[in-house]
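First the structure, in the form of structure tokens, and then the observations on it.
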Amino acid sequence: MINACELGTNAMIEIVKEKLSICAFFACIYMLCIDVRSANGNEILETILTRSFFIQNITVYCSQFTPDVTERSSGKYGDISRLTYHIRQEVVGELPADQSIFVVRRSADMARAGALQAIRQLYEFDRDREQARIIEWCEQSAALEIAEYVRDHDGRHDEFVAIIAAAKKGGDRSKSELNP
């Protein structure tokens, strides 16, 4: 248990900020989880693709500060960019063009917003401290999540493909909702 009186206000603020940045990152990750039993087909496809785009965005961002994060994100399908391309092809393959565009745009927008939210939690007025926090976050929290994502996809690929196939059969939104 941390005693606030012993640490002082500035130390407590730093601890809280650190905990919040970690929580914000994992909140962004878990917002991309979905219960496939209660979602419609497009929601499932969007969630799968959003998570892939989110991981790609975080990887690209962190590679500015920790160049080896890209190498560490490689799996059976190559680096994170190739994996994301592979997943995008699986998700939108065989979909009508208008539905495909809708799913890709919506997923990319949600992923970008989630990645920005996670990254902005690391901003500080002191640029040196900010950069140190970003590097630490990239090397620890982000790197672990990226590696886990790649391992999960590679290790459970058949299950992943089955979920996508079921989502495509499960129906899509009405044509009026597909206007980007």
Worksheet, complete the sentence: d(S63 OG, I80 CD1) to nearest 0.5 Å is 11.5 Å
Discussion item. Would you say Y123 ends up clustered with I58 if hydrophobic residues are merged whenever their side chains have heavy atoms under 4.5 Å apart, either directly or through other cluster members?
Written reply: yes
Discussion item. Let me confirm one number: the CD1-CD1 distance from I55 to I146, rounded to the nearest 0.5 Å.
Written reply: 6.0 Å
Worksheet entry | Heavy-atom side-chain contact between I163 and V161 under 4.5 Å | no
Worksheet item: Any side-chain heavy atom of F102 within less than 4.5 Å of one from E46?
Response: yes
Worksheet entry | Inter-residue atom distance L45.CG - L95.CG, 0.5 Å rounding | 6.0 Å
Fill in: Contact check, side chains of F160 and I48, non-hydrogen atoms, under 4.5 Å
yes
Discussion item. Just verifying a value: how many Å separate I134 CD1 and T66 OG1, rounded to the nearest 0.5 Å?
Written reply: 10.0 Å
Worksheet item: Is the number of heavy atoms from other residues, nucleotides or ligands under 6.0 Å of Q89 CD greater than 12?
Response: yes
Worksheet item: Is any NZ, NE, NH1 or NH2 atom of the basic residue among R133 and E130 found under 4.0 Å from an Asp or Glu carboxylate oxygen of the other?
Response: no
Worksheet item: Ignoring hydrogens and geometry, is there a side-chain-to-backbone donor-acceptor pair from K76 to L83 under 3.5 Å?
Response: no
Item to complete: Please report the shortest heavy-atom distance between C62 and W137, naming the atom on each side.
Response: SG-CZ3, 3.7 Å
Item to complete: Using a strict cut-off of less than 4.0 Å between a Lys/Arg side-chain nitrogen and an Asp/Glu carboxylate oxygen, indicate whether E136 and R129 qualify as a salt bridge.
Response: no
Worksheet item: What heavy-atom pair brings F53 and V104 nearest, and what distance separates the two atoms?
Response: CE1-O, 3.8 Å
Worksheet, complete the sentence: In terms of heavy-atom contacts, D109 and R112 come closest through OD1-NH1, 3.0 Å
Fill in: Sub-4.5 Å side-chain heavy-atom contact between V103 and S107
yes
Discussion item. Using every non-hydrogen atom in the two residues, find where E43 and T47 come nearest and quote the distance to one decimal.
Written reply: O-OG1, 2.8 Å
Worksheet entry | Residue pair S100 / V92: nearest heavy atoms and the distance that separates them | OG-CB, 3.3 Å
Worksheet entry | Within-4.5 Å side-chain heavy-atom neighbours: Q131 and D128 | no
Discussion item. Could you report the tightest heavy-atom contact between R82 and Y77, atom names first, then the distance?
Written reply: CB-O, 3.3 Å
Worksheet item: Between the main-chain N or O of Q56 and the side-chain N or O of T84, is there a donor-acceptor pair closer than 3.5 Å?
Response: no
Practice prompt. Could you check if a side-chain atom of V60 sits within less than 4.5 angstrom of a side-chain atom of N57, using non-hydrogen atoms only?
Written response: no
Discussion item. Distance check, rounded to the nearest 0.5 Å: R156 atom CZ versus D158 atom CG?
Written reply: 11.5 Å
Discussion item. Test your reading of the model: is there a side-chain donor-acceptor pair from Q64 to the backbone of Y61, 3.5 Å cut-off?
Written reply: yes
Worksheet item: Can you say whether the rings of H153 and H86 are parallel (under 30°), tilted (30 to 60°) or perpendicular (over 60°)?
Response: perpendicular
Worksheet entry | N-O pairing of R151 and D154 below 4.0 Å | no
Worksheet item: Does S52 reach the main-chain N or O of L49 with its side chain, forming a donor-acceptor pair under 3.5 Å?
Response: no
Worksheet item: Looking just at side-chain N and O atoms, do H157 and E90 make a donor-acceptor pair shorter than 3.5 Å?
Response: yes
